[in-house]
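Notes follow once the structure below has been shown.
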Amino acid sequence: MGKVFKFGNDLDTDQILASQYLLLPTVEEMSAHTFESLDPGFPGKVKPGDFVVGGENFGCGSSREQAPAVLKALGVKAVVAKSFARIFFRNAINIGLPAIVCKGLPDAVATGDEMTLDLEAGVAGVFGDEGEERYPCTKLPPYMQNILDHGGLIAFLDDGAA
Amino acid sequence: MGLTAIEKIISNKVGHRVHGGDIVTVPVDRVMIHDIFIPFVADKFREMGFSKIWDPDRAVLIYDHLVPASQQDDVRHFHAGDAFAQEYGMAHVHRSDGICHQLMTEAGYVKPGDICFGTDSHTTTYGCVGAFSSGVGYTEMAAILGTGTMWVKVPQTIRVEIDGKLPDGVTAKDMILTLIGDLGADGATYCALEFAGGTVRDLSVAGRMTMANMAVEAGAKCAIFSPDEKTAAYCALDALTAEQAGIFGDVDADYVRFAGGPRPVMDGGAGRAGRLRRLDVKATAGMVGGEGGALRYRGEDFVPVMACPSQVDLIRPVSELAGLPIDQVFIGSCTNGRLEDLQAAAQVLRGGKVAPFVKLIVTPASVGIYRQAIADGTLGILSEAGAIITNPGCGLCCGRTGGILSDGERVVATNNRNFLGRMGTPKVEIYLASPVTAAKCALEGRI
């Protein structure tokens, strides 16, 4: 179980990590500036195992892989959104950060709610007044699931799986 | 069933027919790495344990976002890039020649029918010469450098047909902005945008470049224009090969279908609900959005438009925005920094003066364009009018140098993104427009 940090539609990668921080030497240093324009306190509040929840077209804009990388560095367990921009989606899977499409859950949660995610079953859950509400998630194509299972593209290639 | 243009390119490369949705591993003809990401590509490449680049001649390294360096830390990226190029024998390194996407086509690195990947999201640009090209992250780029291949999901194709004559003062930029407004910032996610029709055929390669460049702003994986005699001339080919000449969408190919044709631009800004609705290709029998599965536009219907702060799909006619005072105008970028863009601006500004208190920044996209614009007098006209002419490169577009703005300021810019905080603080208003519109705004001091 983890806490929800909720964001809106068309969240672009400049908002996840602004371009002026892309030149910092390490992802760890960059991660202190995650979501700076929208929620400057985010890096201090998020705990390993928490979730970022978005609306449609999450991660649009630039190709910067640092966007999913800072979320992973902060311990975000998965990004759950109604839909993802293409490059963010590939980048996330390639670095081993689950990017999960779920149409129902984003509208049902707010920042601070507790949620669960069962990747194998493809189900996201949130705890409301009447117990746990469950929402189906789209499963990854087998090729991408295989990359994710390996923990990312590097381990995947190392393994000769490609 | 026929094939779309992108399906044909990928089919040619893999040796069997592919359709939208298929996952295939493709051979890569050319890759582009830019200065911002080269240290990370280099790290990942070594981490993956590769000892050599699959074919160093097919890899191009371009410094553009950080040229010339505005901060000490920027220099690290040049050092990392130079060291990587030397260690792995990369000969194609451009250190101060202009913007990556301009150079990839201008310097002849991309040919019709090629498959290309780049570390910048606007790698969709090379669709202007009939190539399949798309942006990837640095981990994927490292994998391509080592293997020469990449897996792709063959995109479904949205076909856009535009016929008729554009009104005076309306450009390729106005067409692509209008389309992005209609589709929405995610309307073409994972799809190819295939452009066809008489208006598109009449466009120069530069105009096609503007449209292909911004395809990613509708979420597209790539854009594609069928190669023709203009393409061949631009790419310095004597003639197109039969395979290259065959890169066009078949009428009976399987295109994405829509529940209605393009709506008038006057509805722009209606938000997500007002946009075109995509229908499931498999579930729909009849086409409503146009015969043959295309979104159809009439060239005569386009008007000058702008993307309003801070959404690239918040499109409104310039006439509705007229009167808003501005602080700065930026003409340049991989979207609109080409010779014909500068010439169009010069035509508006000839003999006039930029309004007091307005800074007009002009950034040619490449050194080649810079020299041509000196030779034909374009830069002279712009300078006479009061423009600040900068070195070729990404410049203000990526918010690192040359004209950063502050709270409450408003800029009209010809580049491709108006995201919050992209050119300064989050309280800067960025309006995206064509070079013609931008130049008119510079003269007037307002939209």
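Since the structure is predicted, the reported quantities are computational estimates derived from the model, not experimental observations. Each chain gets a letter, A, B and so on, in the order the sequences are listed, and its residues count up from 1.
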Chain A shares the most heavy-atom pairs under 4.5 Å, among D74(B), T425(B), T149(B), D73(B), with D74(B)

is_close_aromatic(F84(B), F45(B)), centroid dist under 6.0 Å: yes

| field | Presence of salt bridge, K45(A) and D39(A), under 4.0 angstrom | value | yes

So, the part of I23(B) with a heavy atom under 4.5 Å from chain A: the answer is side chain

Looking only at G421(B), P39(B), G49(B), S134(B), most heavy-atom pairs under 4.5 Å shared with chain A are made by S134(B)

Looking only at G152(A), S62(A), A85(A), S83(A), most heavy-atom pairs under 4.5 Å shared with chain B are made by S62(A)

Honestly, the part of F88(A) sitting under 4.5 Å from a heavy atom of chain B is neither

Among R76(B), Q71(B), R422(B), the residue with the most heavy-atom pairs under 4.5 Å to chain A is R76(B)

Okay, I93(A) and chain B: the region with an atom under 4.5 Å from a heavy atom over there is neither

Cut-off 4.5 Å, heavy atoms of chain B, and the answer for A67(A) is neither

Do the side-chain N and O atoms of Q66(A) and Y21(A) include a donor-acceptor pair separated by under 3.5 angstrom? no

Turns out that what part of F37(B) lies under 4.5 Å from chain A's heavy atoms comes down to side chain

Rounded to the nearest 0.5 Å, the CD atom of E140(B) sits from the CG atom of N94(A) at a distance of 4.0 Å

When the 4.5 angstrom heavy-atom criterion is applied to P141(A) and chain B, the contacting part is side chain

Cut-off 4.5 Å, heavy atoms of chain B, and the answer for I95(A) is side chain

Could you check whether D120(B) and H101(B), counting side-chain N and O atoms only, form a donor-acceptor pair closer than 3.5 Å?
yes

Of I154(A), I87(A), L23(A), N91(A), the largest count of non-hydrogen pairs under 4.5 angstrom with chain B goes to L23(A)

The single option from T124(B), T125(B), N416(B) that satisfies side-chain contact (heavy atoms from CB on, under 4.5 Å) with V216(B) is T124(B)

When the 4.5 angstrom heavy-atom criterion is applied to T139(B) and chain A, the contacting part is both

Looking only at side-chain N and O atoms, does D82(B) offer a donor or acceptor that is under 3.5 Å from a partner on Y63(B)?
yes

CE (M115(A)) and CE (M1(A)) are apart, to the nearest 0.5 Å, by 11.0 Å

Check: Would one find more than 12 heavy atoms of other residues, nucleotides or ligands at under 6.0 Å from atom NZ of K103(A)?
Finding: yes

